[in-house]
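One structure below.
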Amino acid sequence: TSHPSKTTVTTTVPSTITTTTTSVPLNTSNPQDLMELVGLTSPPSTPVTITVWDSYSTSENQAFNQTLAQFEKEFPWIHVEVTYGVGVGTSQFETAAKADQAPIVYRDTSDSGGALFASGLVLNLSQYLPPSITSLYLPTAIHDWELNGSLYGLPDDINYIVMFYNKKFVPYPPNTTQQLIQIAEQVNSTYHIWGIAYGASDEYGYRFAAWFAGYDGQIFTTMNGQVYPDLNTTAMVEALQFWYNLTYVYKVNYLAPSTGAGGVEGQLFIANKTAIIFDGPWDLDAYLQALGPNLGAAPLPVVSQTGLRAEPFIGSTGWLIASPQASGASPLQIKAALIFILYVTNYQSDLRLWNIAHDIPANAQAYNTAIAELNAGELKPSYLNSIMKGILEQAKYGQKFPNIPQMAYYWNSFHEYASEFFAGKISAQQAAQGMEQAFVQALVQNGLLSSINLPPPPLPTLSTYVLILSAILSPLVIDRRWKI
Amino acid sequence: MRKDKLFSFFYILPILVVTVILFVFPLVYSVYISFTNLSLFHFFKYSFIGIENYILIFKYGYFNTLLINTLIWTLGSLITMMALGFFLALILNQRDLKGKSIFYAILILPWAFPGFISLLIWQGLWVDPYGMMNRLILPLLHLPPVNSLTSTKDAWIELIVTNDWLSFPYFMTVFYSALQSIPRELYEIAELDGASTFQKFFRITLPSLKRTIAFVFITSFVFTWNNFYPIFVLTGGGPGISTETFIVYAYEEAFDYNNFALAAAWSNISTLIIIILAIIVIKYTHILDNIAG
Amino acid sequence: MSYVKLEDVWKWYKNKNKVTEVLKGVNLDIEKGEFVVILGPSGEGKTTILKIISGLLKQDKGHVYLRGKIVDDVPPKDRNVAMVPQNYALYPFMSVFDNIAFPLKVSHTPKEEIKKRVVEVAKMLRIDDLLDRKPSQLSGGQMQRVAIARALVKGADIILMDEPLSNLDAQVRVLAREELKQLQRELKSTIIYVTHDQVEALSLASKLAILHDGIIQAYGDPKEIYNNPNNAWVGKFLGNPPMNVIKGSVNGDSIIIYDYRIPLPERFKGIVKDGQDVLIGIRPEDLFISDKGVLEGEVAMVEDLGPYTILHVKIGDETVRVFEKSFIRKERNEKVKLDVNVNKIVLFDPKSERNLLLLTGIGNGKK
Amino acid sequence: MSYVKLEDVWKWYKNKNKVTEVLKGVNLDIEKGEFVVILGPSGEGKTTILKIISGLLKQDKGHVYLRGKIVDDVPPKDRNVAMVPQNYALYPFMSVFDNIAFPLKVSHTPKEEIKKRVVEVAKMLRIDDLLDRKPSQLSGGQMQRVAIARALVKGADIILMDEPLSNLDAQVRVLAREELKQLQRELKSTIIYVTHDQVEALSLASKLAILHDGIIQAYGDPKEIYNNPNNAWVGKFLGNPPMNVIKGSVNGDSIIIYDYRIPLPERFKGIVKDGQDVLIGIRPEDLFISDKGVLEGEVAMVEDLGPYTILHVKIGDETVRVFEKSFIRKERNEKVKLDVNVNKIVLFDPKSERNLLLLTGIGNGKK
Amino acid sequence: MNKYTLFKIIRLLISYFILIIMAIFSIFPLYYVFMTSFSNAPNLISLSISDLFPKHLHLTAYKELLSANLYGGNFPLWVRNSLILASSTAIISVFLALITGYALSRLDIPAKKILAIFIYIVTFFPYTATAVPLYLLFAKLHLLNYIGLILAYTPGTSIFAAFIAKLSIDSIPSSYEEIAMIDGLSRFGAFLRIVMRLALPVVVLTAILGFSGAYLDFALAYAFLLPNVKEWTATIGLYYLAGLLNPASAPAYNIFAAGAVLMGIPLTALFIVSQKMMTRAYSNLAGVKQ
Ligand SMILES: Nc1ncnc2c1ncn2[C@@H]1O[C@H](COP(=O)(O)OP(=O)(O)OP(=O)(O)O)[C@@H](O)[C@H]1O
Ligand SMILES: Nc1ncnc2c1ncn2[C@@H]1O[C@H](COP(=O)(O)OP(=O)(O)OP(=O)(O)O)[C@@H](O)[C@H]1O
Ligand SMILES: [Mg+2]
Ligand SMILES: [Mg+2]
């Protein structure tokens, strides 16, 4: 069996990338080159308007707005209508597409993009751009945007979770889970604060996938040429058990109700009430503000039991173009859109995101510049350099984010059973079994898996029926006096 | 005469138009969609597949769990908040109580304040052991802490108490309003006849308010049944799906799985159940007679 | 021994820092088995008195005695009085049976007993065929009887009634009045009945109390009060059409009214001084149109009301009402002569408006 | 030319598949400047008639003419009639001034003009010092005057009044009645006044219409209807105490009542046959207690109502009411002899209960 | 007397005790919002009791909220948009509810009862399920704008309010409108000027419910108004500024709370000012006539 989620593991990021020269100019910073790239020789006589959905955060938008201003100066014939405040994820785009209101250009995560591409809502860029275009981006990032050999989007950042720790409590970043437990226990007994805070029961499987991988698990397997969930494994049981033990046996992990800097997890970290959390660089600002030089970042540890690294998903966010069927765009608008997405993912644009919002660049050249800056210690304040290094270090040990459509059904299946497990309602084995079954069920219901014999649903108990019936009939037994 | 009727009809026309646009059309659309396979992967080209979605729901879905959850959520919320609202209305309705309007003004604040914020705040208040509920209030009352992550029971307590907070001012207002419409003479004469406070309550107050109670009950039953935000924000249906209701589940089906047809089927089933329940109640209690008659 | 007694009862309502004195020292002494009607204009405190007797309100000063015992601190339910409130206050959600049974139910009477007594009372009031109905399905007269039945069923021997007929049609009211009178005769309970309608008061009362300005202005036999009112206000208030009260002065053995002269009634001789200004109260029915009449006036208006006619006759500046059976007819502006039943005349002091007989302490409205 | 005319007006209400016929062919012909009172028991359709005249309701059959023109399709606002509704319907949220000014405001009269006319009308009705008050601060009598002012201010010459006095205290009602009469004399407008109170009807009407069973039973001079009612129902309904209607039979030139014999009135001679059974209508005021009386009975009840007394006298099986001025007094169970004013007697057909005079077409209630 | 007054005092004491407890219960979360809005850390859970009484009140969140500018869109503008939207919704809801209540109460309409029950039952269909079809329909009708939003907001309030209005109008003697009609108003004019005024408590209630519904809505406004920053409502702007629209950024709860306080003030004032009306609006529900 081969594992689709692991087939294209190209996790190591080269320190520099050399651009291969081809006949087509690939300088996406030059307006003229960009026009040629999409097959235009001169600006068209009539201006075109493209609609753009912008899902950047407030700080990212600062960078984007500069880029946009630049773009409009260089392409006066392209008028960009930006919709701010769009959320990532498929649903908003789909509803709009159904109503013929889809934007021409859209920024989304690679996995949502994959689902949209699979459903035909997103343009196949391979038909418009030369294959060599991929060389402009980090391989890790650009491969996230390929499905069945077709390119459907251009990345502007990569993202993943890392380990943040508070240097006040943690002497050195744990390298293995053994050390993680040790340090956490020590923190716990010395400072009477939590060693780790992890919103395990708020998990939809994004963060957890790293630990699952550390126990040598993978989300999908292929059976008879069909992609099939692979959650009901000892890897899952052990990974679940690992966190369960941290929480309930060693009692070093705080079972947080919500994740991220805005969640309880992050708030505890900010308030110096926990030493370690696992979170992404998008929350860096919040932690930096609170902890300053005490903040440390490092890759996730090696799982001592297996000797494998906990590998987070290397995700990517990037720009897509809606298929003309969804947006009703004309060929010229498509061309303008191509110019736009190439432009906003070019060196200058991506570097701006890095400089202003600390997004990890997906543009290879921008990435190189970022690394160089780090190596030169040019970031201010100076301790930020080591933090960013720690963050970038993690990129070496990531797993590819599966962007196949099946992935959409993983999250809830995982969440449902993991949260039950962490609530102590079922065993790890039951959880692993349950989540796979739910996953399969969801795939079957959505037509992504067929001819599978699902186990029969559990019959409701007699008391259930009694309850339901009595609830329905209760009005009938109200005392006559109460008749109105 | 006929012209008169036509004119009368113009008065009812706006609501009819609006109802058709805002409820009947979506309902018909939803029923139609539920018989197709519209989903992300059958987006532009979807086809009619009959009752397959409904079969799926009953075959593999969580129908029973969701029905029970929905009933717990609806009845649990409704009974407690009606009782609380009623009780406060009774307290406020005492004639010799001073400062009623100040208390009333404070007590309706939860209703007046933006609910989407209140819910987030409550989420924070319930965090075990850091939220003030578990840190300050429950210990003060000598109650055990509540952790919705580890216990279904706690999750329900959290949901229902929060929902009570959000809604009791409404019920208080309704009942206070209705209590004030009971003629005082009824109480006076009962007092002369020797009725005790309890007898007055059970023999006069309650029967006088039964119409109000019934109307508010049905209307709020439907509202609570369909109320989605508290669960979505507070527990997200967890742990597992133990606090998930039809509506929350249908929402997830639509927006997480992009299976619009299945989501429509879930919504339709949910609506069908309340309509049946409501029709039984309406027919049996004649509650709508003076409202619609 | 008095059965119901109010002793110097005061009551004031406080409303937004404004104090309204409603009762200012009400004294009332009611014997067992009497049918006392308290008559007074609207808003003068009649309901307040009943509530104080029943204990629903507490007087601010003074005492209430029931059956010879002071009850100031006894709560309503222990006073054993029944009440028919102004608007009946039937429980709208209960059947007639349940309404009547209510006082028994709250005292945990056995079911059998309740049934027996309700049916008994209902039969007496001829509403035994209505027991299944809801109050909304009753006519005004039936509602009244249900309210009375509810008051009677507990067997309280003091029954308070607050304008029980005021909501009824004029036609029905006459019937209801007759029924009520009969009922009291049968039951022999002590009834305190409140109204602002003198016809009701006169036709029902065995004793009449007139409430005005927070005190009982007159209390006693209705006929006596009618004939010999304590003051001009009572004279005018009691009786429809009201008593004519006109200005005049005493001149020897006569009273001068405008240009005319009528003899001074016997009983006022020695009480009034020569030349004294007086107010002369003459009931419309004590004026007669007669060619030998001593007063002369001009007909200003004729109200022909079927069985009787009221003539408004202008004598000088004053208009007097003359009550005549309809077979005497006069036209407008016609000159008429009026004779007076002199013995029925009442003289009042023009300042205090009090009956001059009472002012000097002779005779006081009690037989 | 008639000023207001109803021509065979029918009206039925549909309610839950049940049709109630309220008006079954009402004809009414009112001349300019008349004060017509429509009298009828409660719920017989009096308000319905007013609503049809004003256009608030549309008749199901028949026609309405105002000022000689058919107005069946004219909406209320264009009929130029004014109305004083049963409960006054003063807008509680407006001051008295604004209430009165309302009809002018909606017709966009200039502000100056409004002010002038409101003050003028208010002065006429003596409410010019109340203009700033809210309706809740008015007494019943004042409310009535405001309602009338609102009706008058537009200058409509047809004014409809729906029991405007029914909510007033008995005392106030008498005054209000007098005021109303005076007002109509001054304004000379056409007033259609609806009531179920005969005293009001008799004292106000220049013409009286009696509504019963969906038709106008009698229409004409009130005194004439009173003295010579079309049928026993009208006789009993009009007048308080009502007409006594007792059974008897004709025997030659006499009528036999129970054991007694009274002369047959002159005008019925030739109309009734010997031995014919009749209903005899005698007004209470046409019965006199007299030692020479032809009828003999026993006093069953004495209602002493101040100015007058009503004696209930039992003659055989029948009880008759006798109206006496109060100076004649009798005790219960006393035997009395009654004399009859024979010329006032009306005879009815026992089956149809119609006046025998009218049945044969001689005389029909019009002078 | 003593037993009597003692009982009364005990009853009142218990009442006040409960009222005070409930008042604290009502206010506590709101106090929390208030305090959060004055903190300069985007914190939502207070980690220790002492944090309930912060030593410094920071105005950073308010400053940030009021100074933020997104292509001409700014919070005061969005609040203004919201107020306009909510007021329009309130006015139309009132109108719709009362006109329907009036028709149900007064007018002779065939199959009135069935119609009323139908309207009532149809509203059982949940909002979550109507949202998408509505969006699709409104997009087709080119109504993805304020007009569409108002149209979408009104029925939720007005259908419920129509029934309350019906009961309220039942209790108003029809002679008020009739006299107005005789005085020169059309039936509709009488409805507008007299009936609406007499049913004021219901009018106020409907207005408040309509107002707050539209004022606080996020989901529908977000779907309808997103493309143009200058048309955003306060809730959209607040979600955006507080970073709640983008899952990959830490939400700034202090900004969120500050926005809630600013948005909450007019709404709370509205509720408190009209409390007398609110407590009368439902009085006809009991149906005293029975
Ligand atoms: N709770 C109260 N607060 C203030 N004033 C009151 C209160 N109850 C009654 N009053 C006032 O006291 C006066 C007497 O009221 P009461 O009800 O006893 O009058 P009434 O004689 O029964 O009148 P009616 O004939 O109209 O029933 C009235 O002027 C009334 O306004
Ligand atoms: N809208 C209606 N639907 C059905 N029946 C009605 C309606 N309006 C009036 N009625 C009935 O028609 C009859 C006449 O009503 P109307 O109000 O005209 O009587 P009325 O003579 O004015 O009575 P009252 O003296 O009590 O005012 C009554 O029996 C009443 O029940
Ligand atoms: Mg009273
Ligand atoms: Mg009427």
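In what follows, every chain begins at residue 1, and chains take the letters A, B, ... in the order their sequences are listed. Just so it is clear, the structure is predicted and the values come from calculations on it, not from any experiment.
- In plain terms, the two heavy atoms of B:M132 and E:Y32 that are nearest each other are CG-OH, 3.4 Å.
- Heavy atoms of B:F168 lying under 4.5 Å from chain E belong exclusively to its side chain.
- Between chain B and the options E:L141, E:I208, E:I159, the largest number of non-hydrogen pairs under 4.5 Å is found for E:I159.
- Side-chain atoms of B:Y29 do not come within 3.5 Å of backbone N or O of E:V132 as any donor-acceptor pair.
- We find the CZ-CG distance between B:F116 and E:L244 to be 9.5 Å, quoted to the nearest 0.5 Å.
- Note on B:L109, B:T173, B:V174: by heavy-atom pairs under 4.5 Å with chain E, the leading option is B:V174.
- With chain E as the partner, the residue from B:Y251, B:F228, B:Y104, B:Y176 showing the most heavy-atom pairs under 4.5 Å is B:Y104.
- Residue contact with chain B, scored on non-hydrogen atoms closer than 4.5 Å, involves the side chain of E:L115 exclusively.
- For B:L90, no part sits under 4.5 Å from any heavy atom of chain E, backbone or side chain.
- Heavy atoms of E:L136 lying under 4.5 Å from chain B belong exclusively to its side chain.
- Distance alone, capped at 3.5 Å, places no donor-acceptor pair between the E:N284 side chain and the E:I164 backbone.
- Of the listed residues E:F138, E:F160, E:F118, the one with more heavy-atom pairs under 4.5 angstrom with chain B than any other is E:F160.
- For E:F125, the parts sitting under 4.5 Å from any heavy atom of chain B are the backbone and the side chain alike.
- Residues E:Q275 and B:A105 share a closest heavy-atom pair of NE2-CB, 3.6 Å.
- The residue among E:L267, E:V122, E:T130 with the most heavy atom pairs within less than 4.5 Å of chain B is E:V122.
- Judged by distance alone, with hydrogens and angles left aside, the side-chain atoms of E:S158 form no donor-acceptor pair with the main-chain N or O of E:A97 at under 3.5 Å.
- Residue contact with chain E, scored on non-hydrogen atoms closer than 4.5 Å, is absent for B:F232.
- With respect to chain E, the highest number of heavy-atom pairs below 4.5 Å among B:L272, B:L209, B:L88 belongs to B:L88.
- With a 4.5 Å cut-off on non-hydrogen atoms, B:W225 does not touch chain E at all.
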CA sep, side-chain torsions, deciding dist, call: B:T219, E:Y120, side-chain hydrogen bond (donor to acceptor under 3.5 Å, both in side chains): CA-CA 9 Å; B:T219 309; E:Y120 183 67; 2.9 Å; yes
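- Contact annotation for E:F28: only side-chain heavy atoms (C-beta onward) come within less than 4.5 Å of a heavy atom of chain B.
- Using a 4.5 Å cut-off between heavy atoms, B:L13 makes no contact with chain E at all.
- Heavy atoms of B:S270 lying under 4.5 Å from chain E are absent altogether.
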Pair E:Y239-E:F256, ring-ring contact (aromatic ring centres under 6.0 Å, His included): steps then yes or no: CA-CA 7 Å; E:Y239 270 77; E:F256 203 44; 5.4 Å; yes
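- Contact annotation for B:F87: only side-chain heavy atoms (C-beta onward) come within less than 4.5 Å of a heavy atom of chain E.
- The two atoms that bring B:I91 and B:L97 nearest to each other are O-CD2, 3.7 Å, heavy atoms only.
- Only the side chain of B:W122 comes within contact range of chain E, judged by heavy atoms closer than 4.5 Å.
- For E:R187, the parts lying near chain B are the backbone and the side chain together; criterion is any non-hydrogen pair under 4.5 Å.
- With hydrogens and angles ignored, the 3.5 Å screen pairs no side-chain donor or acceptor of B:W126 with any backbone N or O of B:M133.
- Among B:P129, B:A250, B:S101, the residue making the largest number of heavy-atom pairs under 4.5 Å with chain E is B:S101.
- With hydrogens and angles ignored, the 3.5 Å screen pairs a side-chain donor or acceptor of E:N254 with a backbone N or O of E:S39.
- For E:S212, no part lies near chain B; criterion is any non-hydrogen pair under 4.5 Å.
- Heavy-atom distances place no part of E:F218 under 4.5 Å from chain B, backbone and side chain included.
- Of the atoms belonging to B:I275, heavy atoms from both backbone and side chain fall under 4.5 Å from chain E.
- In this structure, the portion of E:A281 lying under 4.5 Å from any heavy atom of chain B is its backbone and not its side chain.
- Looking at B:Y170, the atoms closer than 4.5 Å to chain E (heavy atoms on both sides) all sit in the side chain, from C-beta outward.
- Without hydrogens or angle criteria, E:S82 side chain to E:T233 main chain gives no donor-acceptor distance under 3.5 Å.
- In this structure a side-chain-to-backbone donor-acceptor pair under 3.5 Å is missing from B:N226 to E:Y127.
- In this structure, chain B has no heavy atom under 4.5 Å from any part of E:K276.
- Per-residue heavy-atom pair counts under 4.5 Å with chain B were compared for E:I27, E:I272, E:I20, E:L96, and the maximum is reached by E:L96.
- Within the 4.5 angstrom heavy-atom criterion, no atom of B:F223 approaches chain E.
- Closest approach of B:P114 and B:S118 over heavy atoms only: O-OG, 3.1 Å.
- A donor-acceptor contact under 3.5 angstrom links the side chains of E:D170 and E:S105, judged on distance only.
- A side chain to side chain contact (heavy atoms under 4.5 Å, CB included) with B:M81 is found for one member of B:V161, B:D164, B:L166 and no other, namely B:D164.
- Residue E:I92 comes nearest to E:I150 through the heavy atom pair CD1-CG2, 3.6 Å, listed as atom of the first residue, atom of the second, then distance.
- Using a 4.5 Å cut-off between heavy atoms, B:I137 contacts chain E through its side chain alone, with no backbone atom that close.
- Using a 4.5 Å cut-off between heavy atoms, E:I169 does not touch chain B at all.
- Looking at B:L179, neither its backbone nor its side chain comes within 4.5 Å of chain E, counting heavy atoms on both sides.
- For the side chain to side chain contact (heavy atoms under 4.5 Å, CB included) with E:F95, the qualifying choice from E:L192, E:T154, E:T100 is E:L192, the only one to do so.
- The parts of B:D96 that come within reach of chain E are both its backbone and its side chain, each placing non-hydrogen atoms under 4.5 angstrom from that chain.
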